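Quick note on labels: first sequence line is chain A, next is B, and so on, each numbered from 1. Everything numeric in this text was worked out from a predicted model, so none of it was measured.
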4 protein chains.
Amino acid sequence: MTPNNIFNEILSFQSVKLTMKQERIVQAAIQLFAEKGYSNTSTAEIAKVAEASEASIFKKYGSKEKLLLSIIVPSLKEFFPTMADEVIGPISEANSTFEGFLAAFLKNRSEMVIANKEIFQVIVKELIYKEDLKNELTPYIFEAAASRLARVIDLYKERGELIDIPTHKILKSLLTFIGGFFTSHFVLLNNESVAEEVIEDAVRFIMHGIGIKTTSMN
Amino acid sequence: MTPNNIFNEILSFQSVKLTMKQERIVQAAIQLFAEKGYSNTSTAEIAKVAEASEASIFKKYGSKEKLLLSIIVPSLKEFFPTMADEVIGPISEANSTFEGFLAAFLKNRSEMVIANKEIFQVIVKELIYKEDLKNELTPYIFEAAASRLARVIDLYKERGELIDIPTHKILKSLLTFIGGFFTSHFVLLNNESVAEEVIEDAVRFIMHGIGIKTTSMN
Amino acid sequence: MTPNNIFNEILSFQSVKLTMKQERIVQAAIQLFAEKGYSNTSTAEIAKVAEASEASIFKKYGSKEKLLLSIIVPSLKEFFPTMADEVIGPISEANSTFEGFLAAFLKNRSEMVIANKEIFQVIVKELIYKEDLKNELTPYIFEAAASRLARVIDLYKERGELIDIPTHKILKSLLTFIGGFFTSHFVLLNNESVAEEVIEDAVRFIMHGIGIKTTSMN
Amino acid sequence: MTPNNIFNEILSFQSVKLTMKQERIVQAAIQLFAEKGYSNTSTAEIAKVAEASEASIFKKYGSKEKLLLSIIVPSLKEFFPTMADEVIGPISEANSTFEGFLAAFLKNRSEMVIANKEIFQVIVKELIYKEDLKNELTPYIFEAAASRLARVIDLYKERGELIDIPTHKILKSLLTFIGGFFTSHFVLLNNESVAEEVIEDAVRFIMHGIGIKTTSMN
DNA sequence: CATGAATGAGTATTCATTCAT
DNA sequence: CATGAATGAATACTCATTCAT
């Protein structure tokens, strides 16, 4: 079973309409995986919370692991592409500055994550462990998110809004900070929302850091 | 059982000299917990890798959880204080700029983490799950690290090297980025080292961000 | 968890129809507990004798202890009440003497115990240890058995068949002897039956003791 | 290893003077066995209560079972013989009636048991399970206690104080009641003492039962 | 004499999974 | 589609016992 087979098999789950019981199973699994982690959640517990039988889980998903993947994979598939369409689209509205873009981007993605916080937590918590899954998804994520962001960065670099260092360096710092931002807010602190001010602070940090600007600096 | 009881009980483990077998058990546990996570590692597996009996694990540590804590807790107790002494000490060397401080700090802490990478990974991976432990350690960590950093920030703010916004905001951005930095390098990417250049990039990002400086900016 | 909770939870086991495997598990448990005692019987052994899996035991009964209680509690709940209905009922047949009652009582109860000898042995052997269970059951037993017997004693005292000392003293001596009788016959000696003559001897002892009657005695 | 070998081996323990630690081990074992039963007491627990090492237990006693026997066997060896010497001796004082004898006997044995209540409880609780031990001890007990009692019964029968039925029947009823008496008082109820009145009641029951005497009775 | 260290063989219990209905 | 019944394999943990010091 090559990665893509699993991938496609998993994706087939969402194409079919779920029955009520199946829906409850997925919801229970998301909740429990987010709260206690995949390994610390038993199928018996999922069945109990879902008020379904354990057999129903295996009937539909085949294994506990595929149930996990059926939660993670479609979400990622949704998460990153919509990023491209909903967020990186508006860039073309030329009047927008990079600061404006960043603020809109952080706000939009934060709302997205908050709306699906438990799934986000499941993804973060499990990706740490599942070396396989990580390797499988990395190129996909990169294509869907990082490379598009790189293009945006290039665009604004041309406009003279961003410093003239290699794009991959800018991207790396950006992703490091954004990763820390989302993880600390929505996994560690489990926040329900982010204040406007918090986003402003983040944008200012990303744009100007914490040092005093001196005209003489390169 | 108050936090401090557990804390002290755990710390008592390291005060006594470990036998060879006990040492092997701890090493095996660190390795396996780092690799596969606590929940996915069985005591049978630890015993096998350590070439000891499971009974020996429980004789010494009482439970799998206490074995985990006996790895995590003393390391944290060591990690943050030495940070104060070894890193924040040199600050007083007045000629040092904040940039210099940052670079030295990141370099020193990176070396420290690399030297104990597996333990670092165990800590990061498990802290996500253990709400209790997180709550227990947070104030401790804060006192040992965050509050001292805040003082350093204040110092350099007075010297006019840092922007004049509330210290806690500076601290928050700083910790968000540093957290992302360590996690991505040593947990996600499992790096064995950090190039000088990478640290320089990180310092520049922290100090000046990615935007073009304009004299007119606040 | 109040006594009645456990009580009722346990009783719920028998209300549901048992599957064949479950029936075999209970039978195996009764046999082994009676023979070697609860503590000296492992769930592995029960499973083996029952030709079922250990998992099946826990699926149905949750714990070894609840399996024990599911054997003990319903039996007691059955044992004492039927005593009232089947044995103490016939008392009303006015022509019956107390000696007749005693003989019938001992015979009936002996048959009952013989028919459930293993369960009786389990109960006696475990009640010695389980302080909790003992305290829980004592009032129940008292109400179902002792207090009814007391009423019978009162009745025959009124009829002039029994000596005129406080009923509780009569009852105590009676229960001491009857307890010794059942325990020695069915637990210590593990008898399969009691001869008619043995019951006659017991009745005579209870009624007249071993001393020579003298008219002058009080 | 025939019964007598074990027997003698066990008895050899008491001939040698015990060290302080060994004494503590025996005391801890008696206490724990009496409280929770042999099977539910671990050697680790005994060692802890005795403030000794587990190894010390095995050094002296070889096995947990032999530790148990070293408690039970010497006590029995002491219990029954002293019964002969201290209690059945006074019989020869001719003026004593059987009632007097019984009262003195019950009082003396009760005091004896109370003074060694925990050991008595251990013996009763374990004899139920240990078929082997039971069979080993039965003839011994019979010789030391039952047969002597039979002689006393014969004596008083000749004096016309006891009813003229086969001695073994008298003995059986007597032992059934006395067994019930000691077990209920000192194992089930865990009494610390027996009131004078309680013994009087028991004696009266044994001698005259609970029926009204009629001159016409045989 | 006493013990700390070590362990093989259990112990109760849990788990993900299968299958007949 | 849904589930109750059943389980082999594992799981964390305990036990009585041995041995070198």
Side-chain angles (χ1 to χ4, degrees), chain A residues 18-22 24-25 39-47 50-67, chain B residues 16-22 24-25 39-47 50-67, chain C residues 16-22 24-25 39-47 50-67, chain D residues 18-22 24-25 39-47 50-67:
Chain A
L18 293 183
T19 64
M20 215 185 65
K21 287 267 166 175
Q22 287 164 355
R24 298 184 72 141
I25 287 169
S39 293
N40 304 312
T41 303
S42 71
T43 51
E45 210 170 351
I46 296 169
E51 291 177 276
S53 69
E54 279 189 83
S56 293
I57 297 175
F58 289 92
K59 181 82 172 187
K60 177 72 183 176
Y61 296 99
S63 75
K64 189 189 166 192
E65 174 122 40
K66 283 196 202 148
L67 171 59
Chain B
V16 198
K17 199 83 187 152
L18 292 183
T19 64
M20 220 184 61
K21 288 263 168 178
Q22 286 162 357
R24 299 182 71 144
I25 287 169
S39 294
N40 304 311
T41 303
S42 71
T43 52
E45 211 171 349
I46 295 169
E51 290 177 280
S53 69
E54 278 190 83
S56 293
I57 298 175
F58 289 94
K59 196 78 169 190
K60 180 71 181 180
Y61 296 99
S63 73
K64 191 187 165 193
E65 173 124 38
K66 280 195 201 150
L67 172 59
Chain C
V16 198
K17 199 83 188 153
L18 294 182
T19 65
M20 218 184 61
K21 288 265 170 179
Q22 287 162 355
R24 298 181 72 146
I25 287 169
S39 294
N40 303 311
T41 303
S42 72
T43 52
E45 210 171 350
I46 295 169
E51 290 176 281
S53 69
E54 279 189 83
S56 292
I57 297 175
F58 290 92
K59 196 77 168 190
K60 179 71 181 178
Y61 296 98
S63 74
K64 189 187 166 194
E65 173 124 38
K66 280 195 203 149
L67 172 58
Chain D
L18 293 182
T19 65
M20 215 185 64
K21 287 267 167 175
Q22 287 163 354
R24 298 184 72 142
I25 287 170
S39 293
N40 304 312
T41 303
S42 70
T43 51
E45 210 171 351
I46 295 168
E51 293 176 276
S53 69
E54 279 189 83
S56 292
I57 297 175
F58 289 92
K59 181 80 171 189
K60 177 71 182 177
Y61 296 98
S63 75
K64 190 188 167 194
E65 173 122 37
K66 281 194 204 151
L67 171 58

Q: Please state how far atom NZ in B:Lys17 lies from atom P in E:dG4, giving the value in whole angstrom units.
A: 19 Å
Q: Regarding D:Thr19, tell me which of base, sugar-phosphate or nothing describes its non-hydrogen contacts under 4.0 Å with the strands shown.
A: sugar-phosphate
Q: Give me the atom names and distance for the closest heavy-atom approach of A:Ser53 to A:Ala47.
A: C-CB, 3.8 Å
Q: Atom OH of A:Tyr61 to atom P of E:dA16: distance rounded to whole Å?
A: 16 Å
Q: Using modelled atom types only, decide if a donor and an acceptor are shared between the side chain of C:Lys60 and the backbone of C:Leu18 within a distance under 3.5 Å.
A: no
Q: Would you please name every residue forming a side-chain hydrogen bond (donor to acceptor under 3.5 Å, both in side chains) with D:Ser63, sequence neighbours left out?
A: none
Q: Given atom CD1 of A:Ile46 and atom P of E:dT14, what is their separation to the nearest angstrom?
A: 17 Å
Q: List the residues meeting salt bridge (Lys or Arg N to Asp or Glu O under 4.0 Å) with D:Lys59, not counting sequence neighbours, and say none if there are none.
A: none
Q: Please figure out whether D:Glu51 or A:Glu45 has its closest DNA chain E nucleotide nearer the 5' end.
A: D:Glu51
Q: Please name all residues satisfying side-chain hydrogen bond (donor to acceptor under 3.5 Å, both in side chains) with D:Ser42, sequence neighbours left out, ordered by chain then number.
A: none
Q: Where the side chain of B:Ser53 is concerned, which of F:dT7, E:dA2, E:dG8 is the nearest nucleotide?
A: E:dG8
Q: If a protein heavy atom is under 4.0 Å from the base, mark B; if only from the sugar-phosphate, S; if neither, -; do that for nucleotides 13-19 of chain F going 5' to 3'.
A: BBBBBBB
Q: Please find the pair of heavy atoms, one from D:Lys66 and one from D:Tyr61, that lie closest to each other, and give the distance.
A: CB-O, 3.2 Å
Q: Measure CD1/B:Ile57 against P/E:dA5 and give the value in whole Å, please.
A: 16 Å
Q: I need the CE-C1' distance between B:Met20 and E:dG4, as an integer number of Å.
A: 16 Å
Q: Nearest of F:dT7, F:dA2, E:dT7 to any side-chain atom of C:Lys21?
A: F:dT7
Q: Rounded to the nearest angstrom, tell me the gap between atom CG in C:Leu67 and atom C1' in E:dT11.
A: 15 Å
Q: Roughly, in whole Å, what's the span from CG in D:Leu18 to P in E:dC1?
A: 11 Å
Q: The criterion is side-chain hydrogen bond (donor to acceptor under 3.5 Å, both in side chains); which residues satisfy it with A:Thr43, sequence neighbours excluded?
A: A:Glu54
Q: Hey, where does DNA chain E pair up into stems, meaning at least three consecutive Watson-Crick or G-U pairs with distances under 3.5 Å?
A: E:2-21 with F:2-21
Q: To the nearest Å, how far apart are C:Lys60 NZ and F:dG4 P?
A: 12 Å
Q: Taking D:Lys21 for the side chain and D:Ile57 for the main chain, is one N or O donor matched with an acceptor at less than 3.5 Å?
A: no
